[in-house]
Protein chains: 2
Amino acid sequence: MARFNFQGEPPTEEKEDVCSLTLAQNVIAGRWKIIILWYLSRRTRRFNELQRLLPGISKGILTRQLRELEEDGMVHREVYKQVPPKVEYSLTQQGKSFIPVLNTMGEWGKKYMEIKQNE
Amino acid sequence: MARFNFQGEPPTEEKEDVCSLTLAQNVIAGRWKIIILWYLSRRTRRFNELQRLLPGISKGILTRQLRELEEDGMVHREVYKQVPPKVEYSLTQQGKSFIPVLNTMGEWGKKYMEIKQNE
DNA sequence: CGGGATCCCAAACGATACTG
DNA sequence: CAGTATCGTTTGGGATCCCG
């Protein structure tokens, strides 16, 4: 059954899509977040490990991106009370549910790279 | 056959993933780009139409985001030489190949929204 | 109608020094 | 080791005005 929209008013379904995409956009906004999520999708990582994996990132900004991902419920932070300190970062259930997005995005990126190289 | 990596050196495969994800990150970086791509995925849109769909965006910034998407080969800009001017934006083939990412991201966002509401 | 040009501001990023 | 605190810089977004 066709759906009519007077004056091009957007249907509710579209609004929902826009809303959820905006939400996703907010969560992954940040220069390093997608890559951080991807590294954590492979295994748990320590702070220093992440810093080594992310070339050129400073401790301050890495801390902030991780804190924001934590606030958004994507990342779990496990502190081991010992000296020297040890902190491990991993994906929460919600963070893990984001992995399909990373995969789709990665596949797209690969094709995109090939095309760019053949230009 | 197992793969050995001395001192945790990342395998080539991982580097490729990181590289392609970084590429994707660069393309979608920008507050409105994901939403713009999504609106264009549904149909061709005129400039003013996009501005109405994106609440609060100014002409200047909308122009810039569209130009960047154009430079990245995601969006096609069709100018009709007439008065008053008419410009239509649509997805290129490469832009269309990004739709699966938008879909996956949208699905994730919907689940994420439900969870947040039940908290 | 679809911009371009300019200015301004806030946020994001980054470098450095210090700390338990 | 894993931060915090501070500061400086850069980038991006937004507002405004002008134009063909």
Side-chain angles (χ1 to χ4, degrees), chain A residues 7-8 18 21-37 39-40 43-72 74-91, chain B residues 7-8 18 21-37 39-40 43-72 74-91:
Chain A
Q7 289 291 344
V18 171
L21 279 175
T22 302
L23 192 64
Q25 141 75 18
N26 288 333
V27 171
I28 63 175
R31 180 164 173 193
W32 306 97
K33 286 187 186 169
I34 291 176
I35 305 298
I36 289 173
L37 289 173
Y39 275 124
L40 294 184
R43 75 186 74 100
T44 292
R45 312 273 188 175
R46 295 184 60 171
F47 185 86
N48 250 4
E49 196 181 353
L50 283 173
Q51 197 182 5
R52 269 184 291 106
L53 290 169
L54 274 30
I57 195 174
S58 69
K59 293 186 178 199
I61 187 62
L62 175 55
T63 301
R64 244 184 31 207
Q65 307 248 326
L66 285 168
R67 290 289 183 285
E68 289 172 11
L69 286 171
E70 207 187 338
E71 284 171 25
D72 287 329
M74 304 292 283
V75 163
H76 171 69
R77 178 167 174 262
E78 183 75 30
V79 183
Y80 296 85
K81 290 171 186 171
Q82 60 183 50
V83 179
K86 173 181 172 183
V87 178
E88 282 186 345
Y89 292 91
S90 57
L91 292 189
Chain B
Q7 290 291 346
V18 171
L21 278 175
T22 302
L23 193 62
Q25 141 75 20
N26 288 335
V27 172
I28 63 175
R31 178 164 173 194
W32 305 96
K33 287 188 184 167
I34 291 176
I35 304 297
I36 290 173
L37 290 173
Y39 275 123
L40 295 183
R43 77 186 72 101
T44 293
R45 312 272 188 177
R46 295 185 61 173
F47 184 86
N48 249 4
E49 195 181 352
L50 282 173
Q51 198 182 3
R52 269 185 290 105
L53 290 168
L54 274 31
I57 195 173
S58 70
K59 292 187 177 197
I61 187 62
L62 175 56
T63 301
R64 234 172 53 196
Q65 307 249 324
L66 285 168
R67 289 291 181 283
E68 288 172 12
L69 286 171
E70 206 187 339
E71 285 171 25
D72 287 330
M74 303 292 283
V75 163
H76 171 69
R77 178 167 175 262
E78 184 74 30
V79 182
Y80 296 86
K81 290 169 185 170
Q82 59 182 52
V83 179
K86 172 179 170 184
V87 179
E88 282 186 344
Y89 292 92
S90 57
L91 292 188

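Chain letters run A, B, ... following the sequence lines, proteins first, then strands; residues in each count from 1. Both backbone and side-chain heavy atoms feed into the values below; hydrogens, waters and symmetry mates do not.
- Considering only residues two or more places apart in sequence or on other chains, R77(A) meets the side-chain hydrogen bond (donor to acceptor under 3.5 Å, both in side chains) condition with Y89(A).
- Evaluation of the salt bridge (Lys or Arg N to Asp or Glu O under 4.0 Å) rule for K59(B) yields no partner, not counting sequence neighbours.
- Applying the side chain to side chain contact (heavy atoms under 4.5 Å, CB included) rule to S58(B) yields the partners I61(B); only residues at least two apart in sequence or on another chain are considered.
- One atom, CG of L53(A), and another, P of dA2(D), lie 13 Å apart when rounded to the nearest Å.
- Map K59(B) and R64(B) each onto its nearest nucleotide of DNA chain D; the residue landing nearer the 5' end is R64(B).
- Nucleotides of DNA chain C that come within less than 4.0 Å of any heavy atom of chain A span, from the 5' end to the 3' end, dA12(C) to dG20(C).
- Here dG3(D) presents its C1' atom at 16 Å from CZ of R52(A), a figure rounded to the nearest Å.
- Within residues 28-37 of chain B, no residue has any heavy atom closer than 4.0 Å to DNA chain C.
- Taking the side chain to side chain contact (heavy atoms under 4.5 Å, CB included) definition, one finds that Q82(B) meets it with Y80(B), K86(B), sequence neighbours left out.
- Atoms CD and CG, from E68(A) and N26(A) in turn, are 11.0 Å apart once rounded to the nearest 0.5 Å.
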Let me have the donor-acceptor pairs involving side chains of residues 45-52 of chain B, under 3.5 Å, with sequence neighbours excluded, atom names and distances please.
from: R45(B); atom 1: NE; to: Y39(B); atom 2: O; distance (Å): 3.1
from: R45(B); atom 1: NH1; to: E49(B); atom 2: OE2; distance (Å): 3.3
from: R45(B); atom 1: NH2; to: Y39(B); atom 2: O; distance (Å): 3.4
from: E49(B); atom 1: OE1; to: R46(B); atom 2: N; distance (Å): 3.1

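- Look at CG on L62(B): it is 13 Å from C1' on dG14(D), rounded to the nearest Å.
- If you check residues 79-90 of chain A against DNA chain D, the residues with a heavy atom closer than 4.0 Å are P84(A), P85(A), K86(A), V87(A), Y89(A), listed by number.
- Not a single side-chain hydrogen bond (donor to acceptor under 3.5 Å, both in side chains) links E70(B) to another residue, sequence neighbours left out.
- Direction of the helix axis in the helix from dC1(C)-dG20(D) to dG20(C)-dC1(D) shifts by 50° between the two five-pair termini, rounded to 10°.
- Atom C1' of nucleotide dG14(D) and atom CD1 of I57(B) are separated by 10 Å, given to the nearest angstrom.
- Going from atom CD of E70(A) over to atom C1' of dG3(D) covers 13 Å, rounded to whole Å.
- In this structure, the CD atom of E78(A) is 12 Å from the P atom of dG3(D), given to the nearest Å.
- Judged as a side chain to side chain contact (heavy atoms under 4.5 Å, CB included), and not counting sequence neighbours, the contacts of Q25(B) are I34(A), A29(B).
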Write out a two-atom table: protein N or O, nucleotide N or O from nucleotides 5-11 of chain D, distance below 3.5 Å.
none

